[in-house]
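Everything on this sheet refers to the single structure shown next.
Just follow the structure's listing: the first ligand is 1, and inside any ligand the first atom is 1. Note that the structure is predicted; figures quoted are calculated from it, not measured. We're numbering straight along the sequence, starting at 1.
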Amino acid sequence: MAYDRYGRKLHYLRISLTDHCNLRCIYCMPDDITFRPSAELMQDDEILRLVRLFVRAGFDKFRLTGGEPTVRANIVSLVREIAHTPGVHSLSMTSNGVLFARLAEELAEAGLKRVNFSLDTLNAEKFQRLTRRGKIDDVWAGIQAAERVGLTPIKINAVVVRGHNEQDVVELAALTLERPWQVRFIEMMPFGGATEFQQKQLVTAQEIKARIEQSLGPLEVLNGGQLDGEARVYRLERAVGTVGIIATVTQPFCASCTRARLTADGRLRLCLLREREVDLLTPLRAGASDDQLLQTILAALWEKPWGHGLAQGEIPLNRTMSEIGG
Ligand code: SAM
């Protein structure tokens, strides 16, 4: 079992399969971003070896993200190999959904269990503006395909950006009246690249909740207000689905964090919002043994920071979100 020095049991790894993405969301990366050459990214066998080592360290829950995980070559066979690794109990993915209509069936058959889709608005023009190139119909087809093949429960993640989609939270939340989905609203976080914009255009969890309640009525808090992962979960009256609100910036949940991240270039990132990383790929390529790598992983996890420092003005600048894996 992996613990950090604050006694948190760490068992959830989010793996960025690539920093490449087929969208350019305005709050995530610049339009003219240069992606890393593939040789710098973890190769399939390297990812699989690290997954096995994290299982040995006590990890059982894995999420594939990016960048956009579905643009990675051989994504279906990689999913199959990870899903069939003994000790991997839960394998999910975070995706923008653009390519999902054609991949959902194969991914489900390969062993993927669930998907979180990112969708910040239901308005086609706004979607285009926010993503700089996406077509909302592709995403919608992807979500429906995922539901059809049983990659459920479906979760929809929306980052709320002032001046772009703060009004859209109502229409998005209303999806839960008729669909058994969890629609989750995420406070925008500041990273390298677009820090000023990300801070100025933040819409707080409190405002998001107030906007939804003003139009759709009271949100009943579920689970006695306990967090479900990172989200506080609510239900609208007569809704079949739920609304989640993720308040990373204004109400951090660091005390209950059980996760670590593997960046696309093979660095172990201990906290999304702290720059510190431990390089695993270089020693792996230099011939380190499994035991040596495991020791490096356990030592790094032990040093997981207590929490982020946004309230103190400490902003991580060394990476965009797409490299770390959101
Ligand atoms: N391409 C996939 C997707 O769109 O879901 C996976 C990677 S994306 C980086 C993962 C999530 O991070 C998305 O829901 C995205 O909206 C979110 N994200 C990106 N930049 C963010 C920021 N500055 N603050 C909060 N969430 C952000």
Side-chain angles (χ1 to χ4, degrees), residues 14-31 33 35 62-72 75 92-100 103 107 112 114-121 126-127 130-136 138-139 142-143 146 151 154-162 164-166 168-169 172 182-205 208 229-231 244-250 252-253 259 261-264 269 272-273 308 310 315-317 319-326:
R14 299 168 76 104
I15 306 173
S16 176
L17 293 185
T18 174
D19 60 333
H20 298 221
C21 192
N22 42 1
L23 301 181
R24 300 285 184 280
C25 299
I26 54 169
Y27 51 78
C28 188
M29 59 174 87
D31 198 11
I33 190 165
F35 295 122
F62 293 80
R63 172 173 293 277
L64 306 178
T65 176
E68 173 51 40
T70 58
V71 304
R72 187 176 169 113
I75 181 65
S92 57
M93 185 180 277
T94 300
S95 171
N96 60 33
V98 170
L99 298 175
F100 233 83
L103 281 172
L107 287 173
L112 189 70
R114 283 199 40 252
V115 195
N116 287 3
F117 289 103
S118 302
L119 180 60
D120 302 328
T121 175
K126 275 193 201 174
F127 181 81
L130 274 160
T131 63
R132 294 198 183 102
R133 56 198 64 191
K135 287 205 195 80
I136 199 167
D138 294 339
V139 179
I143 297 172
L151 292 169
I154 299 281
K155 291 187 182 173
I156 307 280
N157 290 338
V159 176
V160 190
V161 188
R162 188 168 312 287
H164 289 271
N165 67 338
E166 74 268 43
D168 301 51
V169 299
L172 284 162
Q182 185 173 103
V183 178
R184 312 190 316 164
F185 298 100
I186 304 176
E187 285 181 342
M188 182 164 52
M189 295 174 274
F191 288 96
T195 314
E196 205 185 319
F197 167 81
Q198 288 157 336
Q199 285 180 297
K200 274 202 191 131
Q201 256 98 321
L202 169 74
V203 181
T204 64
I208 293 166
E230 62 271 62
I245 303 186
I246 302 178
T248 319
V249 179
T250 60
F253 41 87
R259 66 191 63 178
R261 289 177 162 81
L262 202 49
T263 64
R269 179 127 171 160
L272 176 61
L273 291 156
H308 68 66
L310 293 184
I315 294 170
L317 298 172
R319 299 270 198 181
T320 61
M321 181 74 146
S322 58
E323 287 181 299
I324 308 167

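- Between Glu68 and ligand 1, a contact under 3.5 Å exists for at least one N or O pair.
- Applying side chain to side chain donor-acceptor pair (under 3.5 Å) to Asn96 and the options Asp138, Thr131, Asn22, Asn157 leaves one that passes, Asn22.
- In this structure, Phe100 and Phe117 have perpendicular ring planes: the angle between them is above 60°, well past the 30° mark.
- For Asn96, heavy-atom contacts with ligand 1 shorter than 4.0 Å involve the backbone as well as the side chain.
- Residues forming a salt bridge (charged side-chain N to carboxylate O under 4.0 Å, His left out) with Asp168 (at least two apart in sequence, or on another chain): Lys126.
- Using a non-hydrogen distance threshold of 4.0 Å, Glu187 registers as a contact of ligand 1.
- Given atom 26 (N) of ligand 1, the protein heavy atom at minimum distance is Val159 CG2, 3.4 Å.
- Between Cys25 and ligand 1 there is no heavy-atom distance shorter than 4.0 Å.
- Here the heavy atom of the protein found nearest to atom 21 (C) of ligand 1 is Tyr27 CD1, 3.6 Å.
- A donor-acceptor pair under 3.5 Å is formed between the side chain of Arg63 and the backbone N or O of Met93.
- Atom 8 (S) of ligand 1 has its nearest heavy-atom neighbour, among Gly66, Cys21, Ser322, in Gly66.
- Between atom 6 (C) of ligand 1 and the options Gly97, Ser118, Gly67, Gly325, the minimum heavy-atom separation is to Gly67.
- Here Ser95 has backbone heavy atoms under 4.0 Å from ligand 1, and that is the only part of it that gets that close.
- Counting protein heavy atoms only, atom 24 (N) of ligand 1 is closest to Met189 N, 2.8 Å.
- With sequence neighbours excluded, no residue forms a salt bridge (charged side-chain N to carboxylate O under 4.0 Å, His left out) with Lys135.
- The shortest contact between atom 27 (C) of ligand 1 and any protein heavy atom is with Met321 CE, 3.6 Å.
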